[in-house]
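Notes for the one structure printed next.
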Amino acid sequence: MSSQVKPLPPAGPTMSGDHCGTSASTGTDINVAPAKPNCPLRSGR
Amino acid sequence: MTTLDDTTRYETSRYVRTLRTHQDRDFTRPGGLLDAGDVPSTVAFHSLFGNARLIEGDVPAVLREARRAALSLEDLRQRLDDDSLTDLFDASYLVPEGFDEEQQIDELLRDRASNLSSGAYVSMLQLVLTNACDFSCEGCFAYNFDSAVTNRRSAGEPVKPGPTLLQLRPRSEVAATLGHGDWNDGSALSARNPRMHMTPAVAEKTVAEAVALRKARGADDLSIAFFGGEPTLNKKTILHVLRTFGNEYDGVRLAYRMTTNGATVDDEVIEEFARCGVGVSISVDYVDHSSGEFRAGGPQRVVWSDIRANIARYVAGGVHLKLGSVLSSQTWSKWGTTLIDEAAALGIDEIDVIVAFQAREFFAQHAPSDVVAKLMEAYDYGQRVGVQLTGYWYHTFLMLIDAERWAAQADYKTCPAVGRKLSIEPNGSVFACKATARQLGTIDSWQDIFSSSAYQHYGMRAYKNGPACSGCELQGTCSGGSSGALENETGSIREMSPGYCAYMREVVHELLQRHALAAAATA
């Protein structure tokens with residue numbers, strides 16, 4: 001990671017993802033997030 | 001993503017936001033726009049995708065410049081080192097000129113529309129083991145969210161809506177088949193809040209169907225919440241589920257949670273919970289040592305010292321606990337650090353703080369900035385004594401700084417009622433959540449659940465809450481609170497509550513600011 005763009009450190013953990021006692025399961029065969037963008041630097045440009 | 005070629009120019013995403021400056025403190029409106037001020041370093045994030053970063057050096061100025069006019073890759077490389085640029089592209093801070101990342105969300109929504117009826121998105125069960133309860137609390141889920149009260153009344157069900165949610169009756173007035181303290185006047189045939197306990201057979205069929213669904217979809221985990229009413233009044237079904245399915249069944253891992261008032265516990269339950277890793281949330285709004293009160297609604301049938309003793313039993317038995325506390329008009333005057341001290345003394349490291357579900361009423365009585373001040377004072381106190389305060393508000397903050405968390409819950413953000421969760425009433429009727437009003441179907445036909453117009457209605461509210469969220473710095477990380485609470489308050493799951501929005505923007509700003517300061521101090 002460069003010196004000018006830094007990720008923030010992790011914050012305190014939590015036991016469950018919502019107030020009604022359920023937490024996320026992430027193993028669906030359908031990705032709910034968009035694909036990562038193509039970085040022009042990484043693609044050799 | 002737009003195809004790249006030699007002529008592609010890049011601009012700063014319209015969704016990049018930064019920590020608000022001192023001149024940008026009107027939280028009733030979206031803020032944090034890049035041009036708000038010329039600062040040497042700050043926290044930035046993407047309002048759709050999270051991806052918070054500390055940006056410093058030349059980066060803030062370059063991002064501002066590329067927001068005004070797109071730059072070539074060569075221009076950018078002359079201004080910033082490759083590592084910085086790579087991360088800015090990876091985090092979608094820099095995008096091809098003219099590209100709108102909302103297209104990616106729209107694409108996911110199109111996929112969702114075509115996949116929703118398969119049940120592929122369901123990953124959580126909320127088993128309403130009984131609607132009976134031995135407490136009478138303000139803010140209870142069981143009767144607090146029902147916008148269908150009129151319909152239920154016209155169908156002949158004697159419903160008790162409003163601020164007095166539960167009614168304790170003498171045992172002599174309660175039907176012989178029901179447990180002590182059962183208050184529900186509904187019939188066993190009512191879809192919502194039926195008057196019965198969930199049988200082991202109904203629970204077993206539900207979990208088996210959900211496991212089969214997850215397996216068929218190639219997933220290997222399922223989250224199950226024991227809910228109510230007061231779930232421990234139906235200990236028989238809890239133990240049946242745990243002993244039948246354990247932590248893994250047919251190749252699917254099972255994670256359990258229970259939300260309870262903490263009044264009833266025994267060694268058999270503790271032992272089974274420890275064996276299966278059941279996480280327990282005990283609802284304690286505040287602690288008033290002078291009266292022994294601890295829940296909104298005033299005196300209960302037990303006092304705080306009883307609950308405290310039960311918590312200590314859970315802890316001694318190796319059960320992972322957190323407390324659940326509601327900050328509302330009913331708890332406002334008593335809510336604060338005493339509860340945090342009690343948690344710390346009991347070795348509990350998390351208090352899940354629900355800020356009043358009745359947002360419109362609450363924020364009319366308490367200004368959003370006053371709520372934030374009270375919450376953050378408690379948060380800071382918790383940090384000092386080792387108790388993490390969390391809630392919807394904290395989870396939105398976590399989605400901003402934790403890319404994996406964002407990717408895992410981008411669709412539902414903080415409210416899984418939008419297609420991720422099924423809530424099963426004791427008689428097998430199915431809802432999106434205990435807090436939502438429209439019935440999805442019954443466990444007798446799972447396929448009919450997912451193809452129902454009601455499931456489609458909730459499930460397609462993923463990603464985008466409603467038109468008022470467009471342009472908000474939290475549009476990709478905030479659910480606007482509970483979908484059921486919004487539905488109850490406005491009649492629509494897509495209409496936000498303005499006071500809630502102002503409060504959320506401010507509290508998340510405060511959390512980001514504290515986190516950035518802490519990070520800088522340890523750098």
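Bear in mind that the values here come from a model prediction, so they are computed numbers and not experimental data. Order of the sequence lines sets the chain letters (A, B, ...), proteins ahead of strands, with each chain counted from 1. Note that these values count all heavy atoms, side chains included, but never hydrogens, waters or copies made by symmetry.
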Contact class of [X] relative to chain A, heavy atoms under 4.5 angstrom:
X     : answer
B/F49 : side chain
B/D58 : both
B/V43 : side chain
B/L80 : side chain

Can you list the residues that meet the salt bridge (charged side-chain N to carboxylate O under 4.0 Å, His left out) rule with B/R79, with sequence neighbours excluded?
->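 With neighbours one apart ignored, the set is B/E65.
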Would you check if B/H515 and A/P9 make a side-chain contact, meaning some heavy-atom pair closer than 4.5 Å?
-> yes
B/Y121 side-chain N/O to A/V32 backbone N/O, donor-acceptor pair under 3.5 Å =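 Not confirmed, B/Y121 side chain does not pair with A/V32 backbone.
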Part of A/P10 within contact of chain B (heavy atom distance under 4.5 Å) = backbone
What closest approach, in Å, do [X] and [Y] show between heavy atoms, and which atom pair accounts for it?
X      : Y      : value
A/Q4   : B/S84  : CB-OG, 3.5 Å
B/L398 : A/G12  : CD2-O, 4.3 Å
A/A33  : B/L108 : C-CD1, 3.9 Å
B/Q104 : A/A35  : NE2-O, 3.7 Å

[atom1]/[X] to [atom2]/[Y] distance, rounded to the nearest 0.5 angstrom?
X      : Y      : atom1 : atom2 : value
B/L85  : A/C39  : CG    : SG    : 8.0 Å
A/N31  : B/D411 : CG    : CG    : 9.5 Å
B/D402 : A/L8   : CG    : CG    : 11.0 Å

State plainly whether the residues B/D90 and A/R42 are in salt-bridge range, i.e. N to O under 4.0 Å.
-> yes
Residues forming a ring pair (Phe, Tyr, Trp, His ring centres under 6.0 Å) with B/F89, sequence neighbours excluded = B/Y10
Picking from B/T86, B/I401, B/I55, B/L48, which has the most non-hydrogen pairs under 4.5 angstrom with chain A?
->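 If we count pairs closer than 4.5 Å to chain A, B/T86 comes out on top.
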